[in-house]
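Right, one structure below, let's go through it.
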Protein chains: 2
Amino acid sequence: MEPQGRPRRVTIVDVARHAQVSTTAVSKVLRNAYGASPEMRAKVRRAIDELGYRPNAGARGLRGQTYTIGVMLPDIRNPFFPEILDGVTTSLADTEYQVLLGPGCNGEKEEARVTEAMIDRGMDGIILVAPISSRGHMESVGTAVPTVVIGRHGASPAYDTVTDDDVEGAALVVGHLAGLGHRRIAHIEHHETDPTRLTEMPNARRADGYRRAMRNHGLEEWIDVVSTSYTQEGGYRGTKELLARPVRPTAVFAGADIVAMGVLEAVAEAGLSVPGDLSVAGYDNTTFAAFGPISLTSVDQAGRELGRNAVRLLLERIAERGRPSAQVTLSPTLVPRRSTTRPAK
Amino acid sequence: MEPQGRPRRVTIVDVARHAQVSTTAVSKVLRNAYGASPEMRAKVRRAIDELGYRPNAGARGLRGQTYTIGVMLPDIRNPFFPEILDGVTTSLADTEYQVLLGPGCNGEKEEARVTEAMIDRGMDGIILVAPISSRGHMESVGTAVPTVVIGRHGASPAYDTVTDDDVEGAALVVGHLAGLGHRRIAHIEHHETDPTRLTEMPNARRADGYRRAMRNHGLEEWIDVVSTSYTQEGGYRGTKELLARPVRPTAVFAGADIVAMGVLEAVAEAGLSVPGDLSVAGYDNTTFAAFGPISLTSVDQAGRELGRNAVRLLLERIAERGRPSAQVTLSPTLVPRRSTTRPAK
DNA sequence: GTGAAAGCGCTAACAA
DNA sequence: TTGTTAGCGCTTTCAC
């Protein structure tokens with residue numbers, strides 16, 4: 001009688017026996033390692049196919065690699081992240097690496113939990129997308145496993161970074177609006193107090209870029225920043241505040257498309273129209289911005305490129321852990337749409 | 001001289017030595033297993049904290065569990081999935097399980113790659129969200145590891161299912177529109193030919209539910225289904241087609257909110273207004289539908305509940321692999337908004 | 001209640 | 001080029 005239950009999984013031993021070689025030989029073929037003749041490789045390959053063998057990643061990880069890359073996404077709801085992810089997965093598509101995502105990171109504690117879980121699961125490399133964690137935590141991650149951080153400024157020897165030039169992005173928006181004739185251009189930013197984050201977070205850079213660009217255009221007297229949060233709610237509240245000003249702005253630069261959604265909602269509620277009464281620009285060029293009836297002017301961060309570059313750096317660092325850390329900065333582009341126009345006379 | 005390089009990770013052996021007990025004892029404490037006195041537990045716990053020990057999931061998986069649940073999401077862009085994910089992660093928040101997502105599954109091949117990767121990585125359980133894979137593949141997954149399928153009808157002994165009643169959802173929409181006085185209610189469906197999928201896929205059920213509901217309301221002569229795809233583009237093309245009819249519908253039931261986006265775009269392009277010229281209803285109740293300026297009537301699938309139920313079934317099955325498979329069906333609700341109103345006289 | 005020892009599936013030294 | 005062997009960090013018998 002066969003013992004009941006699911007059949008035991010095929011292991012490297014089964015393959016070795018079936019191909020009449022040693023397990024070492026099979027292992028070498030699996031890893032394309034040196035020291036196996038073409039005939040042997042062929043024999044092993046055939047056995048693998050015939051038995052439908054697939055290596056156990058956990059067991060591999062115990063000695064070597066798990067061939068798994070972990071990507072931490074802070075908020076799966078943010079429509080900007082899929083672009084990054086696309087860049088990551090397509091870059092990794094014809095490698096042996098598999099991407100797994102760590103979800104639902106709202107807050108530092110969750111981020112820590114997810115990143116530690118990834119380390120514990122033997123990820124060969126980790127990509128942190130727009131993390132809010134402290135530098136210290138990111139450095140401990142980078143020390144434990146090759147790490148690339150996307151969307152966070154500030155170099156560290158422990159990890160590589162890939163960022164967009166947020167100052168330039170903000171300048172693009174201000175330049176665009178100023179070029180249309182706007183002077184009273186307001187900005188809705190994400191409130192930030194922590195000194196490190198004021199330097200490293202993209203939102204802080206955008207606010208900074210806004211101020212600088214306003215000055216460069218001789219508009220310093222109209223600098224007007226409302227500090228809420230990068231959420232729809234934040235955009236809504238910020239706009240309420242702006243519309244209550246004695247002298248209303250003629251244009252609003254929202255720090256993110258999601259914020260712009262809140263702006264549009266508040267504007268509609270106030271019975272005003274976009275762009276007739278108010279020009280609105282966002283940041284991230286999400287599908288929402290591209291949606292016809294909305295048609296939001298926005299800054300495109302080239303998310304795919306961010307992902308692609310992160311993978312390149314990560315694979316480099318997996319191959320050579322000791323190499324000095326790198327920082328890649330990409331340039332954003334402006335996508336003008338119907339939500340911005342010249343101010344009403 | 002200390003040997004250079006990163007310090008070796010703390011292992012169970014270190015903890016055992018530090019606590020002056022055996023590794024077996026530590027293992028028992030980790031798993032809350034029988035056979036350790038309270039004093040021993042306390043001693044081990046202290047050692048774990050003092051050394052900052054965290055177990056290696058790969059090594060655990062070699063004999064026991066990895067404490068990892070894999071969730072396959074077909075399209076991270078679909079704004080309906082975060083809800084499900086929320087339900088999953090919150091249900092798992094105070095367990096020892098960690099959720100990891102398999103990303104970017106466009107197509108059967110990608111789904112197979114991701115699900116196999118999850119099996120190879122020793123996931124203790126797998127949740128498939130709205131898979132398009134063949135029954136055969138899903139059964140092979142379910143045979144290898146405890147599996148719950150969300151959003152796919154059709155029972156199998158190899159896995160449990162959690163679905164919304166899509167027929168009922170379609171009936172809610174038709175009932176709502178008919179109640180407003182509409183008769184010429186058209187439906188945009190996702191084209192499907194495969195016989196199994198015609199039975200199992202939610203989109204097919206919705207189209208079916210639409211037809212049945214139309215009949216129940218005595219509107220069979222107005223049944224009008226356009227077969228495109230569940231994408232914005234599909235909604236756009238479908239609407240073009242509908243607007244070209246000699247007798248135009250007065251209401252459109254889009255099979256998904258993303259389809260409704262395309263509908264709205266085409267309607268706007270045609271110079272028509274919603275709901276004045278055309279009432280539009282979607283399905284999924286995404287944040288997009290809730291967005292003020294859009295205000296799309298939609299069917300709420302209670303994504304959180306889907307996720308919660310999936311976790312419950314999965315944990316049950318992990319605890320008792322042999323138990324008969326279960327099917328849970330949840331009831332959707334209608335969320336009426338401004339995109340639907342009575343037809344123009 | 002406790003611990004010694006075997007072994008999960010694989011890779012990496014090392015011999016042959 | 002090939003195979004033998006010793007672990008990787010953990011769980012699991014099975015004695016005590």
Side-chain angles (χ1 to χ4, degrees), chain A residues 5-44 47-48 51-68 96 119-124 144-145 318, chain B residues 5-44 47-48 51-68 96 119-124 144-145 318:
Chain A
R6 280 162 306 130
R8 201 178 44 80
R9 237 187 109 126
V10 179
T11 74
I12 204 173
V13 178
D14 302 317
V15 176
R17 190 160 28 213
H18 192 254
Q20 314 219 56
V21 297
S22 70
T23 58
T24 309
V26 179
S27 177
K28 280 175 177 166
V29 173
L30 286 177
R31 291 173 291 119
N32 290 311
Y34 175 82
S37 62
E39 308 86 66
M40 167 155 279
R41 285 185 192 283
K43 228 178 3 178
V44 171
I48 288 176
L51 298 178
Y53 166 76
R54 294 200 322 257
N56 176 322
R60 298 183 97 171
L62 231 38
R63 295 302 298 236
Q65 304 191 64
T66 59
Y67 300 93
T68 313
E96 304 207 66
I119 295 171
D120 298 344
R121 277 150 190 81
M123 302 284 174
D124 296 333
V145 52
I318 288 173
Chain B
R6 279 163 305 130
R8 202 178 45 79
R9 236 186 108 125
V10 178
T11 74
I12 202 172
V13 179
D14 301 318
V15 176
R17 192 163 24 217
H18 192 254
Q20 313 218 57
V21 298
S22 69
T23 58
T24 310
V26 179
S27 176
K28 280 174 177 164
V29 173
L30 286 177
R31 292 171 293 117
N32 289 311
Y34 174 82
S37 61
E39 307 86 68
M40 166 156 280
R41 286 186 191 284
K43 224 175 9 175
V44 171
I48 288 176
L51 298 178
Y53 167 75
R54 294 198 322 256
N56 175 321
R60 299 184 95 171
L62 231 38
R63 296 300 298 243
Q65 305 192 70
T66 60
Y67 299 93
T68 314
E96 304 207 64
I119 296 171
D120 298 344
R121 278 152 189 80
M123 302 284 174
D124 295 334
V145 51
I318 288 173

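What you see below is based on every heavy atom in this structure, not just the backbone, and it leaves out hydrogens, waters and symmetry mates. Below, chains carry the letters A, B, ... as their sequence lines are ordered, and counting in each starts from 1.
- Here A:R41 does not reach the OP1 or OP2 of D:dT1: none of its side-chain N or O atoms lies under 4.0 Å away.
- To the nearest angstrom, C1' of C:dG9 lies 10 Å from CZ of A:R8.
- Nucleotide C:dG9 holds its P atom 12 Å from the CZ atom of A:R17, rounded to whole Å.
- Remark: B:I12 CD1 to B:L51 CG distance equals 12.0 Å, nearest 0.5 Å.
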Ignoring hydrogens and angles, write down the donor-acceptor pairs under 3.5 Å from the side chains of residues 23-30 of chain A, residues two or more places apart or on other chains.
unit_1 : atom_1 : unit_2 : atom_2 : d
A:S27  : OG     : A:R31  : NE     : 3.1
A:S27  : OG     : A:R31  : NH2    : 3.0

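- Out of D:dT11, D:dG3, D:dT1, the shortest distance to the side chain of A:S37 is found at D:dT1.
- Distance CD1 (B:I48) to P (D:dC10): 10 Å, rounded to an integer number of Å.
- To the nearest 0.5 Å, atom OG1 of residue B:T66 and atom CZ of residue B:R121 are 11.5 Å apart.
- If you check distances only, the side chain of A:T24 does reach the base of D:dT4 with a donor-acceptor pair under 3.5 Å.
- Separating the CD atom of B:Q65 from the P atom of C:dC8 is a distance of 19 Å, rounded to the nearest angstrom.
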Run the numbers on A:M40 and A:V21 for side chain to side chain contact (heavy atoms under 4.5 Å, CB included), then give the verdict. CA-CA 8 Å; A:M40 167 155 279; A:V21 297; 3.3 Å; yes

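- Residue B:T11 is in sugar-phosphate contact alone, with no base atom involved, counting any heavy-atom pair closer than 4.0 Å across all strands shown.
- At a threshold of 4.0 angstrom between heavy atoms, the contacts of B:A36 are confined to the sugar-phosphate backbone, with no base atom among them.
- Rounded to whole Å, atom P of D:dG9 lies 19 Å from atom OH of B:Y67.
- In this structure a side-chain-to-backbone donor-acceptor pair under 3.5 Å is present from B:R9 to B:R54.
- Checked by distance alone, B:R63 brings a side-chain donor or acceptor within 3.5 Å of a matching partner on the base of C:dG7.
- Distance CD1 (B:I12) to C1' (C:dT2): 14 Å, rounded to an integer number of Å.
- With rounding to whole Å, A:Y34 atom OH is found 16 Å from D:dG3 atom C1'.
- Within the structure, a side-chain polar atom (N or O) of A:R31 is placed less than 4.0 Å from OP1 or OP2 of C:dA12.
- Sorted by residue number, the members of residues 52-62 of chain B with any non-hydrogen atom under 4.0 Å from DNA chain C read B:L62.
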Given the rule in the side chain to side chain contact (heavy atoms under 4.5 Å, CB included) test, do A:V15 and A:H18 qualify, once you have shown the distances and angles that lead to the verdict? CA-CA 5 Å; A:V15 176; A:H18 192 254; 5.7 Å; no

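- Atom NZ of A:K28 is separated from atom C1' of D:dT4 by 11 Å (rounded to the nearest Å).
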Does the pair B:T68 and B:M123 meet the rule for a side chain to side chain contact (heavy atoms under 4.5 Å, CB included), with working shown? CA-CA 5 Å; B:T68 314; B:M123 302 284 174; 3.4 Å; yes

